[in-house]
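Written below as structure tokens is the structure these notes are about.
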Amino acid sequence: MCGRYTVSNPGEILPELLGHDAAPEMAARYNVAPTQDAPVVVAQPNGERSARLMRWGLVPYWANGIEIGGRMINARAETAATKPAFRDSFARRRCLVAADGFYEWQRIGGGKQPYLIRLAGGAPMAFAGLWDRWRGPRGRVLESFAIVTTGANELVEAIHDRMPVVLTRNGRATWLDVQAPTDDLIGLLRPTAEPMETVPVSDRVNNPANDSLDCLQPVIVPPAPTQGSLF
DNA sequence: CCAGACGTTGTT
DNA sequence: GTCTGG
DNA sequence: CCAGACGTTGTT
DNA sequence: GTCTGG
């Protein structure tokens with residue numbers, strides 16, 4: 001799945017996803033956690049792309065409160081087009097989630113080891129995203145998003161069995177195209193084939209309150225016992 | 001008819 | 001809002 | 001995803 | 001163990 005990610009270089013990522021240099025200034029993020037605001041790119045009615053902050057954890061327009069967003073941080077590629085919580089967004093409100101890395105936790109014995117996973121060289125990534133606009137009491141408006149997930153590719157499989165959908169440049173255009181046929185959209189939702197790197201990182205990333213460069217800091221993982229048990 | 005869910009992951 | 005289950 | 005709470009009463 | 005919040 002995808003429960004944390006990075007936007008460590010928004011100054012490069014946003015122009016790349018927008019397709020132009022007039023990107024708004026956004027703070028660098030090393031540990032984006034659910035319920036926090038993060039930058040996404042949407043296509044306006046005139047086709048131009050724009051970047052804005054939305055809350056991670058999709059709150060459907062029909063929800064009675066925003067708490068439901070905590071359970072809607074990911075949408076499975078296999079079912080997003082038909083699930084009640086996501087299908088309207090899948091049909092009409094798709095977005096690009098700006099990122100340049102995501103974290104997955106590998107379960108080892110009793111514990112967990114976090115890994116940072118990036119495109120080779122830390123290139124910008126666009127996760128396939130869905131968004132919605134919720135209207136609450138007293139005129140409150142909340143825009144929020146979910147990240148579409150798919151099966152892990154060969155590299156990531158060693159760590160975890162799911163990962164976010166990372167769109168190619170052409171895939172981004174299709175994903176944002178309101179006219180795109182459903183079959184074309186579903187065809188995009190596959191594990192990326194781009195070269196990637198996985199880096200074991202400090203468990204500083206575990207705490208969502210830690211949003212600093214040391215989340216990216218590589219660590220040495222003790223080799224797992226290959227046979228037998230320790231005692 | 002009304003009430004209640006609407007999700008993913010991982011673990012057993 | 002819409003669907004499922006009672 | 002992980003971290004942190006998990007409760008009631010009464011008083012300020 | 002399970003739920004809520006970040």
Side-chain angles (χ1 to χ4, degrees), chain A residues 1-8 27 29-40 53-93 97 99-118 125 127-137 141-152 156-166 189 191 198-212 214-217 219:
Chain A
M1 73 174 309
C2 180
R4 300 291 177 85
Y5 66 95
T6 66
V7 198
S8 73
R29 298 295 309 277
Y30 308 99
N31 192 9
V32 179
T35 73
Q36 297 177 348
D37 287 347
V40 304
L53 289 174
M54 294 190 191
R55 177 187 171 106
W56 186 13
L58 187 147
V59 180
Y61 67 92
W62 43 256
N64 290 318
I66 67 169
E67 307 80 15
I68 194 174
R71 301 196 295 282
M72 309 287 179
I73 67 172
N74 292 147
R76 290 177 64 87
E78 299 89 332
T79 54
T82 54
K83 289 279 186 182
F86 297 126
R87 61 187 168 199
D88 293 349
S89 293
F90 189 97
R92 300 174 49 88
R93 290 179 295 276
V97 180
D100 55 8
F102 59 92
Y103 297 103
E104 298 288 355
W105 280 257
Q106 182 183 50
R107 292 181 179 263
I108 323 169
K112 292 175 217 171
Q113 172 61 50
Y115 285 79
L116 172 65
I117 301 165
R118 305 189 298 172
M125 290 195 275
F127 299 151
L130 305 173
W131 69 280
D132 209 342
R133 180 181 292 126
W134 176 84
R135 295 168 197 281
V141 174
L142 179 71
E143 292 181 337
S144 58
F145 69 95
I147 294 170
V148 180
T149 63
T150 185
V156 174
E157 200 165 35
I159 298 168
H160 195 76
D161 64 345
R162 304 283 302 175
M163 65 186 287
V165 170
V166 179
L189 304 180
T198 65
V199 184
V201 291
S202 155
D203 59 13
R204 292 265 307 157
V205 73
N206 288 10
N207 193 329
N210 295 331
D211 183 19
S212 51
D214 54 8
C215 290
L216 309 182
Q217 192 62 41
V219 297

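Numbers restart at 1 for each chain; the letters A, B, ... are given by sequence-line order, proteins then strands. Worth saying up front: this structure is predicted, and the values here are computed from it rather than measured.
- A donor-acceptor pair is defined here as one N or O able to donate and one able to accept, closer than 3.5 Å; no such pair exists between the side chain of A/Arg55 and the backbone of A/Leu142.
- Considering only side-chain atoms of A/Gln36, the nucleotide from B/dT8, D/dA3, E/dG6 that sits closest is E/dG6.
- With rounding to whole Å, A/Ile108 atom CD1 is found 12 Å from B/dT11 atom P.
- Across all strands, A/Asp88 comes closer than 4.0 Å to no nucleic acid atom at all (heavy-atom distances).
- Candidate nucleotides C/dC3, E/dG5, B/dG7 were compared by shortest atom distance to the side chain of A/Met72, and B/dG7 ranks first.
- Between B/dT11 and E/dG1, the distance separating the two C1' atoms is 12 Å to the nearest Å.
- Nucleotide B/dC6 holds its P atom 15 Å from the CZ atom of A/Arg76, rounded to whole Å.
- In this structure, A/Ala146 reaches neither bases nor backbone, as no heavy-atom distance under 4.0 Å exists between it and the strands shown.
- Closest to the A/Trp105 side chain, of the nucleotides B/dT8, D/dC1, B/dG7, is D/dC1.
- Put simply, CZ on A/Arg87 is 13 Å from P on C/dG1, counting in whole angstrom units.
- For A/Asn206, the listed nucleotide lying nearest its side chain is D/dA3; candidates were D/dA3, B/dT8, D/dC1.
- Checking side-chain atoms of A/Ser89 against main-chain N and O of A/Trp131 turns up a donor-acceptor pair under 3.5 Å.
- Atoms CE (A/Met163) and P (D/dC1) sit 16 Å apart, rounded to a whole Å.
- Relative orientation of the A/Phe145 and A/Trp56 rings is parallel, given thresholds of 30° and 60° on the angle between their planes.
- With a cut-off of 3.5 Å on both pairing distances, the Watson-Crick or G-U wobble partner of D/dA3 is E/dT4.
- Here, E/dC3 and B/dG7 have their C1' atoms 15 Å apart, quoted to the whole Å.
- Note: CD (A/Glu67) to C1' (E/dC3) measures 12 Å, nearest angstrom.
- Nearest nucleotide to the side chain of A/Lys83, out of D/dG4, C/dC3, B/dG7: B/dG7.
- For A/Lys112, counting side-chain heavy atoms from C-beta on, the closest listed nucleotide (D/dC2, B/dT9, C/dG1) is D/dC2.
- Residue contacts for A/Arg204: at a heavy-atom cut-off of 4.0 Å it reaches no nucleic acid atom on any strand shown.
- Heavy atoms of A/Tyr61 sit under 4.0 angstrom from primed sugar atoms or phosphate atoms, though from no base atom.
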Show me the donor-acceptor pairs within less than 3.5 Å that the side chains of residues 30-40 of chain A make with the rest of the protein, sequence neighbours left out.
| unit_1 | atom_1 | unit_2 | atom_2 | d |
| --- | --- | --- | --- | --- |
| A/Asn31 | OD1 | A/Arg4 | NH1 | 3.2 |
| A/Asn31 | ND2 | A/Val205 | O | 3.1 |
| A/Asn31 | ND2 | A/Asn207 | O | 3.2 |
| A/Asn31 | ND2 | A/Asn210 | O | 2.7 |
| A/Gln36 | OE1 | A/Arg29 | NH2 | 2.6 |
| A/Gln36 | OE1 | A/Ala33 | N | 3.0 |

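- In this structure, CG of A/Asp211 is placed 15 Å from P of E/dG6, rounded to the nearest angstrom.
- Listed candidates were D/dC2, B/dG7, B/dT9. Nearest to the side chain of A/Pro208 is D/dC2.
- Look at A/Arg107 and you won't find any side-chain N or O under 4.0 angstrom from OP1 or OP2 of B/dT9.
- The nucleotide whose nearest atom lies closest to any side-chain atom of A/Pro84 is, among C/dG1, D/dC1, B/dT8, C/dG1.
- Between A/Thr35 and D/dC1 there is no side-chain N or O to OP1 or OP2 distance below 4.0 Å.
- Atom P of B/dT8 sits at a distance of 12 Å from the matching atom of D/dC1, rounded to the whole Å.
- With hydrogens and angles ignored, the 3.5 Å screen pairs a side-chain donor or acceptor of A/Gln113 with a backbone N or O of A/Val201.
- Residue A/Tyr103 is classed as having no contact, given no heavy-atom separation below 4.0 Å to the nucleic acid.
- Rounded to an integer number of Å, the gap from A/Ile66 CD1 to E/dT4 P is 13 Å.
- To the nearest 0.5 Å, the span separating CD1 on A/Ile159 from CH2 on A/Trp105 amounts to 11.5 Å.
- The residue A/Arg4 sits close to a base: some heavy atom pair falls under 4.0 Å.
- Using a 4.0 Å cut-off between a side-chain N of Lys or Arg and a carboxylate O of Asp or Glu, A/Asp132 and A/Arg93 qualify as a salt bridge.
- At B/dG7, none of the side-chain N or O atoms of A/Thr149 fall inside 4.0 Å of OP1 or OP2 (strictly under the cut-off).
- Summarising the geometry, the separation between CE on A/Met1 and C1' on D/dC1 is reported as 6 Å, rounded to the nearest angstrom.
- Across all strands shown, nothing is found opposite D/dT8 as a Watson-Crick or G-U wobble partner with both distances under 3.5 Å.
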